[in-house]
Amino acid sequence: VRISIKDFATELSVPSTEIIKKLMKRGTIATINQEIDYALAAELAEEYDIIVEPEEEKDVMEEVFGEVIDDEKDLEKRPPVVVVMGHVDHGKTSLLDAIRSTHVTSGEAGGITQHIGASSISLNGEKITFLDTPGHEAFTAMRMRGAQVTDIAILVVAADDGVMPQTIEAINHARAANVQIIVAMNKIDKPGANPDRVKQELSDQGLLVEDWGGDVICVPVSALKHQGIDNLLEMVLLVAEMGDLKANPRRKARGTIIEAQLDKGRGPVATVLVQSGTLQIGDPIVAGAAYGRVRAMVDSKGKSVKKAGPSMPVEILGLSEVPIGGDMFYVANSDKQARQVAERIKAQGRVQMIGQTPNKVSLDDLFTQIQEGKMKELNIIIKADVQGSVEAVRQSLEKLSNEEVRIRTIHGGVGTITESDVQLASASGAIIIGFNVRPEAATKAYADREEVDVRLYRVIYNAIDDIKAAMKGMLDPEF
Ligand code: GDP
């Protein structure tokens, strides 16, 4: 639950600058459009003797639209939704381009692909949906907002460069999201390509490829020369088949806003991914505080369409305002209902966090969370100055796992704590442990806003002691 400083100040009838000053005293530099979370808002409001209560937008949507419950017999196969991740310069963009340019259905407007944030391609009559923004940042940003849209991650690794820091990050982001990984071993056309070395490095990260006796599919490709692309896509379809991906196309549509912006001529435009049901022209929809009737729909090939079923990305026109990427959208029973829901959300003074927000975790309330049965696993991210320390901290902490709670390192790396670490922590309900590293002020402020618990240590034993102390309360009283 978040509110902008501006709106918050208006609610309290105090000048925004006063709130900003108060935040500054707490070590946070903020601007008036910046959002603060509920806990902080409550704390600040208390200084004015005002008690604020959170009104969950999620509850409005849940109350009005309920959960999707389908009969097995109504479920039909749906295309997989795929993201492309990997280290910078390993060929993510080139791979997406290669896939799109080789698989535009012939006969369509000169084969021009339009950038709408996601694209649908087909191979042997089967469809695959790609999220167009390469990298794990966009993917994790959506997860932070509760959106779970991806089924498969293609991990691009350059065969001449191997596993690099962002490769590891991508692996961990995908794992944290429980998304299947397929490796695209790219740049095999290059003289320096050394697939065996890369496979070794992947296995060091726990990804054992099939020809080494593991179960991770690894496809050699050259995005530049368009080699191996079909093979890669066939593997995507195979993994999708095994995942038995299904949805009910015959119900009112709902799904996720992939991206949205204000277009000068056309007004608010949003790319949406339908996840259940079928979206049709004329449907009254609501997404956060934005509502309206779907006036026009365009698919990723720039073609007007009247309907979009499960896993289909389409750009829609007709919303009252620009919705927020990562938010859910719903088809309402009527224009009136769509408007009313949007107005209720707006009245709450906020427009974010619709989906299922992962639990925020802090060592301070670890005990309570365990007691409430909310936590069986404590996810941690370890950043340290040298690899040896990452390993040492990780081993000592994971050893603390007991029957009630397992300590799991979802990401570890050398270097300072970055925004990407905070995003991963926020999306996965993890805490961050920094060993001989220190985040920049802006990253620290970001972590505070996201309510990510960041703990910094210089001595390993202190980290162990803290976690131990936090876990103490978890043990059953009789022990
Ligand atoms: P991204 O940062 O992961 O999106 O990487 P890009 O797609 O921008 O590619 C980075 C560079 O690698 C560009 O100069 C590409 O032309 C080059 N590249 C990408 N794929 C291949 C490939 O399969 N073979 C070769 N030789 N070069 C490639």
Side-chain angles (χ1 to χ4, degrees), residues 26-28 37-40 42-43 140 144 168-169 172-173 175-176 357-479:
R26 291 157 185 260
T28 307
D37 60 36
Y38 166 68
L40 186 55
E43 242 179 86
T140 304
M144 279 168 71
I168 298 174
E169 236 175 74
N172 293 328
H173 281 245
R175 277 195 181 134
T357 314
N359 270 339
K360 297 293 174 199
V361 181
S362 117
L363 280 191
D364 298 328
D365 61 13
L366 190 60
F367 173 55
T368 326
Q369 297 226 24
I370 302 274
Q371 291 248 304
E372 288 169 0
K374 281 190 192 154
M375 204 191 306
K376 296 261 179 284
E377 261 182 358
L378 173 62
N379 288 337
I380 55 176
I381 291 172
I382 301 168
K383 293 305 282 284
D385 52 346
V386 291
Q387 187 59 35
S389 303
V390 176
E391 270 316 305
V393 173
R394 173 185 148 113
Q395 281 176 14
S396 341
L397 293 184
E398 287 186 350
K399 253 190 237 148
L400 298 176
S401 299
N402 60 22
E403 274 175 11
E404 279 143 321
V405 71
R406 188 163 83 98
I407 298 184
R408 188 167 80 120
T409 311
I410 58 167
H411 179 58
V414 175
T416 187
I417 296 160
T418 62
E419 293 212 348
S420 172
D421 295 327
V422 174
Q423 283 192 340
L424 178 60
S426 172
S428 314
I431 64 165
I432 300 179
I433 296 203
F435 187 71
N436 277 325
V437 294
R438 188 158 276 288
E440 280 176 24
T443 312
K444 179 76 183 65
Y446 183 47
D448 288 346
R449 285 202 301 282
E450 289 299 329
E451 293 172 64
V452 169
D453 194 0
V454 178
R455 306 268 167 159
L456 304 173
Y457 300 95
R458 302 216 153 268
V459 185
I460 293 188
Y461 297 110
N462 291 346
I464 299 173
D465 279 353
D466 271 12
I467 304 260
K468 251 193 200 154
M471 289 172 71
K472 274 236 175 74
M474 292 175 223
L475 297 171
D476 284 339
E478 62 260 36
F479 290 106

Find out whether Ile432 and Ile381 are in side-chain contact, i.e. whether some heavy atom of one side chain is under 4.5 Å from a heavy atom of the other. yes
Under a 4.5 Å cut-off applied to non-hydrogen side-chain atoms, are Asp37 and Glu451 in contact? yes
Salt-bridge present (Glu43, Arg26; N to O < 4.0 Å): yes
Kindly indicate whether the side chain of Pro439, heavy atoms from C-beta on, has any atom under 4.5 Å from the side chain of Leu456. yes
Donor-acceptor under 3.5 Å (Ser428 side chain, Ala425 main chain): no
Show me the donor-acceptor pairs, under 3.5 Å and distance only, between side chains in residues 414-424 and residues at least two apart or in other chains.
residue	atom	partner	partner atom	Å
Thr416	OG1	Arg438	O	2.7
Thr418	OG1	Ser420	N	3.4
Thr418	OG1	Asp421	N	3.3
Thr418	OG1	Asp421	OD2	3.2
Ser420	OG	Glu169	OE1	2.7
Asp421	OD2	Lys383	NZ	2.7
Asp421	OD2	Thr418	N	2.9

Atom of Gly412, atom of Asn172 and distance for their closest heavy-atom approach: N-ND2, 4.2 Å
Can you name the nearest heavy-atom pair linking Ala447 to Val454, along with the distance? CB-CG2, 3.8 Å
Using a 4.5 Å cut-off on heavy atoms from C-beta on, say whether the side chain of Ile467 contacts that of Ile407. yes
Under the side chain to side chain contact (heavy atoms under 4.5 Å, CB included) criterion, do Ile431 and Val452 qualify, and how do the steps go? CA-CA 6 Å; Ile431 64 165; Val452 169; over 6 Å; no
Are any non-hydrogen side-chain atoms of Asn402 and Met471 less than 4.5 angstrom apart? yes
Distance from Ile168 atom CD1 to His173 atom NE2, nearest 0.5 Å? 11.5 Å
Go through the steps for Ile380 and Leu397 under the test side chain to side chain contact (heavy atoms under 4.5 Å, CB included), then give the verdict. CA-CA 9 Å; Ile380 55 176; Leu397 293 184; 3.6 Å; yes
Looking only at heavy atoms, what is the nearest atom pair of Ile410 and Ala176, with distance? CD1-CB, 4.4 Å
With sequence neighbours left out, which residue pairs that include part of residues 453-467 fulfil the side-chain hydrogen bond (donor to acceptor under 3.5 Å, both in side chains) condition? Asp364-Arg455, Asn436-Arg458, Asp453-Arg455, Tyr457-Asp466
With the side chain counted from C-beta on, respond yes when Ile382 and His411 share a heavy-atom pair under 4.5 Å apart, and no when they do not. no
Does anything in residues 384-395 form a salt bridge (Lys or Arg N to Asp or Glu O under 4.0 Å)? List the pairs, not counting sequence neighbours. Glu391-Arg394
